[in-house]
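Reading through the structure tokens given below for one structure.
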Amino acid sequence: MKKILLCVLILEVLLQSSFVFAKADASADTGSDISLLEEIGIYKPQDNMSESEELLTREKMTVQLCVFYGVERDGNIHEFSGESVYSDVDSDYYLAYEIMLLERKGCMSGFTDGTFKPENNVTCSQAAKALVTILGYAPMAEYDGGWFSGYMKKAEELGLLKGVNSVPNEFITRGDFTRLLMNALETETVKIKAGADGSAEYTEDEILLNRLGYEKIRGIVSATENVSLFGKDTAGKGKIIIDDTLIECSGNFDGYIGAYVTAYCKQDKDMDFGELVYIEINENKTKIEEVPAEKISERSTISQFIYENEKGKEKKITLSDDVTFIFNGRKLTFYTDEHIKPQNGSVRLIDSDGDSAYETVIVKSYVDFWVAGVYEKDEKIVLSDELGKNAIEIDMQDSDYDVSLSKNGSAAVFADILKKNIVSVAADKMSGSPLKISSDARAFDMIISDKTADGILNGIDKEDKKITVGNEEFDLANTFDFSRFTLVLGREYTAYFNCDNKISAVKEKPSDKYGFITKVFADDIDEDAVYAKLYTQDGEFVTAQLAKGVKIDGTGFKNAQEIIDELSSASAAFFKDLSFGMTNRNGCEQLVKYRVNPEDNLSVIDTVK
């Protein structure tokens with residue numbers, strides 16, 4: 001009797017040891033796999049499968065596996081009208097339908113005491129048996145030894161146990177079950193055809209993923225709704241192209257252009273194209289370098305890109321001879337070294353075949369502008385630099401212009417643009433050194449920023465391009481030019497930020513200033529807008545808009561013509577028709593004190609007695 005017992009124990013040890021493979025790294029990331037399994041409906045967020053070291057219960061595995069038999073996880077309780085075969089699962093138990101379905105299919109069975117024990121944890125052999133059965137290989141597993149050795153052998157043979165801690169009677173973790181499921185989705189199912197003589201013929205069928213109505217696609221993203229490696233031919237609205245496969249999608253996938261990806265799409269006989277449900281960049285095939293403008297070396301060329309890496313060391317990247325160059329969303333056939341050195345923005349380099357020569361270069365080059373004027377009636381905006389120069393006008397209603405607006409990471413509309421905002425503009429055509437928007441540019445990607453910071457200027461760091469406003473230190477935009485601003489420690493300023501959350505411009509807070517008004521006139525487009533030309537105390541001519549309700553010698557005026565009449569009348573004695581130059585001030589008879597509001601409009605004008 002002792003010899004028989006010893007033999008049985010030795011046999012059990014041998015059986016278990018024959019199925020012990022290299023354990024998966026417990027820290028191996030299954031996050032992307034979990035996201036996919038949630039997208040295709042097998043997992044739900046409430047399953048908490050991201051807790052990869054936690055064990056999996058039979059109850060949880062039951063609802064997940066029933067998806068393979070068409071039971072959607074829609075939150076509804078599926079009524080069971082039959083008789084339960086388990087003493088601890090009543091007919092009105094909320095998972096009675098699912099438990100009995102898997103029992104009939106042979107995926108899961110109960111224990112010798114007649115119970116199912118839904119709250120018990122699942123062993124590796126139980127999970128392997130369930131998936132071997134779903135794939136159609138149960139008869140083979142039964143022939144090859146049955147429970148549990150036959151199922152574990154078949155699971156190993158099919159590659160289901162790759163990366164899984166596969167000790168048969170050990171409880172399986174949620175992370176291991178996720179790997180087991182992912183392996184199963186890539187495995188071909190089999191169909192059994194019974195012969196007249198009682199024989200059975202097995203034929204390989206579609207992989208399990210396809211049986212669920214999904215298809216896996218691998219390749220390079222060659223076009224999205226907005227960008228294309230081919231030139232002007234994008235994928236079309238709501239579509240993406242992976243190699244030659246056109247797929248429907250919702251959302252912006254421009255960030256995947258040029259990368260080798262793994263994608264999953266839902267197939268539907270009523271749809272012309274598959275619908276994208278999940279996509280990820282294949283990091284084994286694709287290498288991406290994302291470099292902000294301030295880290296790019298001036299020595300960079302279109303054949304060799306040079307930049308400073310995170311460790312502060314210079315790094316050189318070789319570009320492919322037939323590189324595809326995408327500049328602000330458009331493929332360029334002609335480009336210069338300057339195009340790869342944006343002042344604001346970034347450069348993305350993509351090697352999608354692992355040869356260390358980068359085939360795709362994607363440049364986002366922004367120029368920061370003030371919103372100098374907003375004309376609501378005509379939906380026109382005027383953009384300029386902080387000194388009111390280099391202005392460009394964009395007609396939002398002109399069909400020749402292709403303008404996209406965004407603010408705070410979301411799509412924006414014309415009404416979101418306010419005077420004194422900073423707008424970062426990426427245009428389809430830019431030239432010069434540094435790059436500036438070309439006069440024939442027609443496509444504009446505009447990012448609106450209304451972020452400001454007010455406070456005393458307490459620090460200036462020209463070397464690292466930082467200033468301290470109040471008690472907080474801020475980065476300056478790469479294009480911030482100290483020579484264009486008068487910065488004095490101890491004075492109060494308003495700082496204006498661009499789309500990269502860096503200060504693009506600063507303005508000293510409003511205070512009384514002195515000068516001579518030399519001209520007042522109404523705007524040609526907006527008749528309600530009045531402008532004044534001033535000769536300032538700094539010896540410069542500037543043009544400023546008058547605020548509605550401007551106070552002139554203590555009296556408020558709102559009507560444009562009344563403002564012009566008041567300032568033009570002899571009784572006001574503010575100015576005469578002066579035509580002096582910068583050095584000839586003999587014609588000035590009346591000095592005025594004025595103040596501007598936060599929108600840079602003249603809000604107060606007083607005669608200096």
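These numbers come from the heavy atoms of this one structure, side chains and all, not from hydrogens, waters or symmetry mates.
Within 6.0 Å of CG on N471 lie no more than 12 heavy atoms contributed by other residues, nucleotides or ligands. When the shell of 6.0 Å around NZ of K551 is examined, it contains 12 or fewer heavy atoms from other residues, nucleotides or ligands. Enclosure of atom NZ in K451 by more than 12 non-hydrogen atoms of other residues, nucleotides or ligands within 6.0 angstrom is indicated. Enclosure of atom NZ in K331 by more than 12 non-hydrogen atoms of other residues, nucleotides or ligands within 6.0 angstrom is indicated. Annotation: D74, atom CG; neighbour count of heavy atoms from other residues, nucleotides and ligands within 6.0 Å is above 12. More than 12 non-hydrogen atoms from other residues, nucleotides or ligands lie less than 6.0 angstrom from CG of D440. Within a 6.0 Å radius of CD in E376, other residues, nucleotides and ligands contribute 12 heavy atoms or fewer. More than 12 heavy atoms of other residues, nucleotides or ligands lie within 6.0 Å of CD in Q46, so this atom counts as buried by the packing criterion.
Side-chain contact between V323 and Y335 is present, with heavy atoms from C-beta onward closer than 4.5 Å. Looking only at side-chain heavy atoms (C-beta outward), N344 and V367 stay at 4.5 Å or farther from each other. Using a 4.5 Å heavy-atom cutoff, the side chains of L405 and D416 are not in contact. Within the 4.5 Å cutoff, the side chain of V347 has heavy atoms near those of the I296 side chain. Looking at heavy atoms from C-beta onward, I392 lies in side-chain contact with I437 at the 4.5 angstrom threshold. In this structure the side chain of V488 never reaches within 4.5 angstrom of the side chain of L457, judged on heavy atoms. I257 places a side-chain heavy atom less than 4.5 Å from the side chain of I362. Between T333 and F325 the shortest side-chain heavy-atom distance does not fall below 4.5 Å.
For F327, the ring pair (Phe, Tyr, Trp, His ring centres under 6.0 Å) partners at least two apart in sequence or on another chain are H339.
Looking at D523, its side chain never comes within 3.5 Å of a backbone N or O of Y531 through a donor-acceptor pair. When atom types are taken as modelled, the side chain of S406 and the backbone of A412 share no donor-acceptor pair closer than 3.5 angstrom. With hydrogens and angles ignored, the 3.5 Å screen pairs no side-chain donor or acceptor of E492 with any backbone N or O of I456. Panel note: side chain E225, backbone G238; a donor-acceptor pair is recorded below 3.5 Å. Judged purely by atom type and a 3.5 angstrom limit, N309 uses its side chain to pair as donor or acceptor with the backbone of K313. Without hydrogens or angle criteria, S300 side chain to S297 main chain gives a donor-acceptor distance under 3.5 Å. Proximity of a side-chain donor or acceptor of N597 to a complementary backbone N or O of S603 within less than 3.5 Å is not detected. Put simply, the side chain of S228 never gets that close to the backbone of T224: no donor and acceptor are under 3.5 Å apart. Judged by distance alone, the side chain of D428 and the main-chain N or O of A441 form no donor-acceptor pair under 3.5 Å. With hydrogens and angles disregarded, no donor-acceptor distance shorter than 3.5 Å links the side chain of N421 to the backbone of V423.
Contact detail for D243 and S222: the closest heavy-atom pair is O-OG, 3.3 Å. Shown here for L489 and N458, the closest heavy-atom pair between the two residues is CD2-C, 3.7 Å. Listed here is the closest heavy atom pair of Y493 and T486: OH-O, 2.9 Å. Shortest non-hydrogen contact noted between T336 and I302 is O-CG2, 3.5 Å. Between A357 and E359, the shortest heavy-atom distance links the atoms O-OE2, 2.8 Å. Shortest non-hydrogen contact noted between L591 and G515 is CD1-O, 3.5 Å.
Q397 and K380 share no side-chain donor-acceptor pair at under 3.5 Å. Looking only at atom types and distance, the side chain of S424 has a donor-acceptor partner in the side chain of D368 under 3.5 Å away. Judged purely by distance below 3.5 Å, without hydrogens or angles, the side chains of S431 and S438 pair a donor atom with an acceptor atom. Side chain to side chain, K420 and Y496 meet the donor-acceptor criterion of an N or O pair below 3.5 Å.
Note on D538 versus K513: no salt bridge recorded, every NZ/NE/NH1/NH2 to OD/OE distance being 4.0 Å or above. For the pair E290 and R348, the salt-bridge criterion is met [side-chain N within less than 4.0 Å of a carboxylate O]. Note on K407 versus D450: salt bridge recorded, some NZ/NE/NH1/NH2 to OD/OE distance being below 4.0 Å. Between R442 and D400 there is no salt bridge, since none of the side-chain N atoms of the basic residue sits less than 4.0 Å from a carboxylate O of the acidic one.
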Can you list the steps and then say if T607 with D553 is a side-chain hydrogen bond (donor to acceptor under 3.5 Å, both in side chains)? CA-CA 6 Å; T607 304; D553 280 340; 3.0 Å; yes

L567 and I552: side-chain contact (heavy atoms from CB on, under 4.5 Å), yes or no, with the steps? CA-CA 8 Å; L567 292 178; I552 303 174; 3.9 Å; yes

Could you go through D402 and R330, starting from their C-alpha distance and side-chain angles, then the distance that decides it, and tell me whether this counts as salt bridge (Lys or Arg N to Asp or Glu O under 4.0 Å)? CA-CA 12 Å; D402 179 11; R330 272 73 179 173; 3.1 Å; yes

Might you work through the side-chain contact (heavy atoms from CB on, under 4.5 Å) test for I517 and I605, ending with a clear yes or no? CA-CA 10 Å; I517 299 179; I605 302 174; 4.0 Å; yes

Would Y358 and T318 count as a side-chain contact (heavy atoms from CB on, under 4.5 Å) here? Give the steps. CA-CA 7 Å; Y358 289 71; T318 301; over 6 Å; no

Passes side-chain hydrogen bond (donor to acceptor under 3.5 Å, both in side chains), N498 versus S504? Steps please. CA-CA 6 Å; N498 65 9; S504 179; 5.1 Å; no

Start with the C-alpha gap between E294 and K502, add the side-chain angles, then the distance that decides, and say whether salt bridge (Lys or Arg N to Asp or Glu O under 4.0 Å) holds. CA-CA 12 Å; E294 59 268 22; K502 296 180 179 180; 2.5 Å; yes

Go through Y366 and I447 one step at a time and tell me if the side-chain contact (heavy atoms from CB on, under 4.5 Å) criterion holds. CA-CA 9 Å; Y366 289 101; I447 304 178; 3.1 Å; yes

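A cation-pi arrangement is found for K519 relative to F521, the charged atom lying closer than 6.0 Å to the ring centre and inside a 45° cone about the ring normal. Cation-pi geometry between K507 and W370 is met: the NZ or CZ atom falls under 6.0 Å from the ring centre, inside 45° of the normal.
The line from CG of L276 to OG1 of T245 is 11.5 Å long, rounded to the nearest 0.5 Å. In this structure, Y594 OH and L546 CG are separated by 12.0 Å, a value rounded to the nearest 0.5 Å.
Between F480 and F485, a ring centre-to-centre spacing shorter than 6.0 Å is recorded. F474 and F497 have their aromatic ring centers within a separation under 6.0 angstrom.
Each of K295, E314, E289 was evaluated against Y307; a single residue qualifies, E289, per the side chain to side chain donor-acceptor pair (under 3.5 Å) test. If you run salt bridge (Lys or Arg N to Asp or Glu O under 4.0 Å) between K364 and each of D254, D445, D500, only D445 comes through.
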